[in-house]
Number of protein chains: 2
Amino acid sequence: MRVEGRKRKILEAIILDYIATGEPVGSRTIARRYNLGVSPATIRNEMADLEELGLIEQPHTSAGRIPSDLGYRYYIDCIMERYELSSAEKEYIRQRFEQKMGEIEQVLADATGLIAELTSYAAVALGPYQGRAHIQQVQLLYVSPGKALLVVVTSNGLVEHHLFSVPRGVIRAELNYLSRLLNERLQGIVLEDIKPSLLNSIYQELLATEHKQLCSLVIELLEELGNLKREARIFLDGTLNLFEQPEFRNIERVKGLLCILEKSDALRELFAEGPPAGLRIKIGRENKNEEINNCSILTVTYEINGEVIGNVGVLGPTRMNYSRTISVLEYVARELSQALEKLCG
Amino acid sequence: MRVEGRKRKILEAIILDYIATGEPVGSRTIARRYNLGVSPATIRNEMADLEELGLIEQPHTSAGRIPSDLGYRYYIDCIMERYELSSAEKEYIRQRFEQKMGEIEQVLADATGLIAELTSYAAVALGPYQGRAHIQQVQLLYVSPGKALLVVVTSNGLVEHHLFSVPRGVIRAELNYLSRLLNERLQGIVLEDIKPSLLNSIYQELLATEHKQLCSLVIELLEELGNLKREARIFLDGTLNLFEQPEFRNIERVKGLLCILEKSDALRELFAEGPPAGLRIKIGRENKNEEINNCSILTVTYEINGEVIGNVGVLGPTRMNYSRTISVLEYVARELSQALEKLCG
DNA sequence: TTTAGCACTCGGCTTATTAGAGTGCTAATA
DNA sequence: TATTAGCACTCTAATAAGCCGAGTGCTAAA
């Protein structure tokens, strides 16, 4: 489909106006606000054509037009111009990533907050995906009689710990010995490669050399390791922003939306799938989920050393400032990637 | 103030009916549903008296009566009978605490979810308060060249970790040495007692014996330790439950409420203050915060080995089933305390 | 002291009315 | 042929009017 010349200008005007005001846009409004040099009647004719193409629609007979999902799609793919962040904004984003470099999770949480703040939509971050990460360090710490702590650090800088009970007789030296052994076998192992066969061979090895009572312990901790890569963590912020949008005045709408935002599985599904790298845009009904029929989800990936390890995105009304949101997301993702590289690379 | 005999019965009927239905209660309704053996007219007279006492009020002239904050207060303090959980419910709660004993934070998160589920209000848990906890174990782990991990385990079973940069030359042995030294000095120290003077003396000691470059590192980690006791963690669940309440149909109300629930500081203030141990009830305007004018907050404390270390509670509409909610809270808090004792004691 | 009866009040629901925005069509115009 | 002015028509949202019902307070009788 190609929409050129005046039609294109009118389509753009409708979308921009609707994004700005949230009200259906009439022919007179366009003639007045965007001086295309033609009368409302002419614009009406063009609008009828655009509607036939499925790019805009009428909520009811005597209302103006609003963009359809397809209209937004065409606008984003073919018409929209890139929004350029002001240098002040860029500076602000950069500076937010510079101050206090904590652990990766803190950085992701901050990034989520930043996106929510800059876009005024709900922001979500997923990750880091741990499948490709390898184990950097495994350590069993003695805590107190009968208590030990397993700590695992991955190459992505994620720290996982698990406190658990051990036979009361276990002493520090045993744990240290075990740690050394585990490190030898697991260091550098990619999490995806931790399979039952590997675990089993380690298990046998431990059985042969170590205090028998510790075996159950080992089983337990190996299971924990397997869990590490299972599910990407979720960071969520700016939920309240959605309440400011006029389309979410309806309490039922909000309920459905919050319901989704609370369920990690649903969120993960909505935000995780996508192209291997870069920007993904799902408009309105392009998302399967009914509760977000009138929402769009934009995500971009972030990476460490060129490898995609997660994504950040926003959930907002279909009537969203795509241009600006995309710029914010891409810029934040870039800075985020750099920050993480400094942190973990 | 004393309210006895028939008046008392009528007040109770009004409150029970209003809690159940959410509608203002009229004299005829009371006469029909609660057979007090008197006519509506008589009840009307009594109601006029109760209104004069400030225990009930009229939304408008031609409506029934609803309890005032004072009315709820009187009901809770003087009239209400204890709700007894069914043995099935008790069993369910117990069993929820038995399965998978993880770390303290997991247990608290589970408890919060359990309360939300059983009460249908929003549930909050605060804690564990770390002021009185002592340090059980401090460990510096070598992660990779230039990276180390500080792990601290407190007597409450809280694990705190912090990944940070160290001079590239630092090797495993140095960190181990440092760990031993820190453990010697810090083990058993109550977190509240970690004061600048103590830190300084340790700092001097380290300076004398250790690789000079590690000194900045030590300063950093000591700061981290100080932060441990700073703020109680917050667990929140069941926010969506509030949407089911008819009083929160109004979007503005919900917005204000969610706004509070998102701000940890506000939440902490609302839930943290209270008597040293046991149950606390704040009804409607007894809470200073305007956004929760029509909400009540109930909290109970939980403890480890007789020492209060946090509390759990609910936020719900003033028109709340106090009797049942109190029972749930107290029972869950008891089981929670026991579970934590098993976990940390 | 209690109660029956009655007039009165007031919110909420339903219906009717109106104003306004916007359309599509037609016929005139450039 | 493309554009535009004019006009009748449509539909929503907002306002007003009217009615219903629940509930009250008061009075007078039991």
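Atoms considered below: every heavy atom in the structure, side chains included; atoms not considered: hydrogens, waters and symmetry mates. Chain identifiers are assigned alphabetically (A, B, ...) following the order of the sequence lines, protein sequences preceding nucleic acid strands; residue numbering begins at 1 within each chain.
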Rounded distance in Å - CE (A:Met47) to P (D:dT3): 16 Å
Rounded distance in Å - CD1 (A:Ile43) to C1' (D:dA5): 14 Å
Phosphate contact (D:dT4 OP1 or OP2) by A:Thr42 side-chain N/O below 4.0 Å: yes
Atom-pair distance (CD on B:Glu46; C1' on C:dT3), nearest Å: 13 Å
Closest to the B:Thr29 side chain, choosing from C:dG22, D:dG23, C:dT23: D:dG23
Protein-nucleotide distance (A:Arg33, atom CZ; C:dA21, atom P), rounded to Å: 12 Å
Whole angstrom value for the distance that separates C1' of D:dG23 from CG of B:Asp17: 14 Å
5' precedence on DNA chain C between B:Ser62 and A:Arg28 (nearest-nucleotide basis): B:Ser62
Derivation of the salt bridge (charged side-chain N to carboxylate O under 4.0 Å, His left out) call for B:Arg253 and B:Glu247: CA-CA 8 Å; B:Arg253 272 259 144 77; B:Glu247 30 268 275; over 6 Å; no
Donor-acceptor pair, side chain of B:Ser68 and main chain of B:Gly54, under 3.5 angstrom: yes
Rounded distance in Å - CD (B:Glu57) to C1' (D:dT24): 16 Å
Note: B:Asp77-B:Arg73 ion pair, threshold 4.0 Å (strictly below): yes
Gap between atoms CD and P, on A:Glu23 and D:dT12 respectively (whole Å): 15 Å
Earlier contact from the 5' end, DNA chain D, for B:Asn45 and B:Ala63: B:Ala63
Residues B:Glu286, B:Tyr72; criterion side-chain hydrogen bond (donor to acceptor under 3.5 Å, both in side chains); working and verdict: CA-CA 11 Å; B:Glu286 291 175 11; B:Tyr72 284 117; over 6 Å; no
Whole angstrom value for the distance that separates P of C:dG22 from CD1 of A:Ile30: 10 Å
D:dT3 phosphate, OP1 or OP2, under 4.0 Å from A:Arg6 side-chain N/O: yes
Selected nucleotide, minimal atom distance to A:Ser27 side chain, candidates C:dT23, D:dT4, D:dT24: C:dT23
OP1 or OP2 of D:dT24 under 4.0 Å from side-chain N/O of B:Arg65: yes
Any side-chain donor near an acceptor of the partner, B:Asn321 and B:Tyr83, under 3.5 Å: no
Side-chain N,O (A:Thr61) to OP1/OP2 (D:dT12) below 4.0 Å: no
Among D:dA5, C:dC10, C:dT23, the nucleotide that comes nearest once only the side chain of A:Arg44 is considered: C:dT23
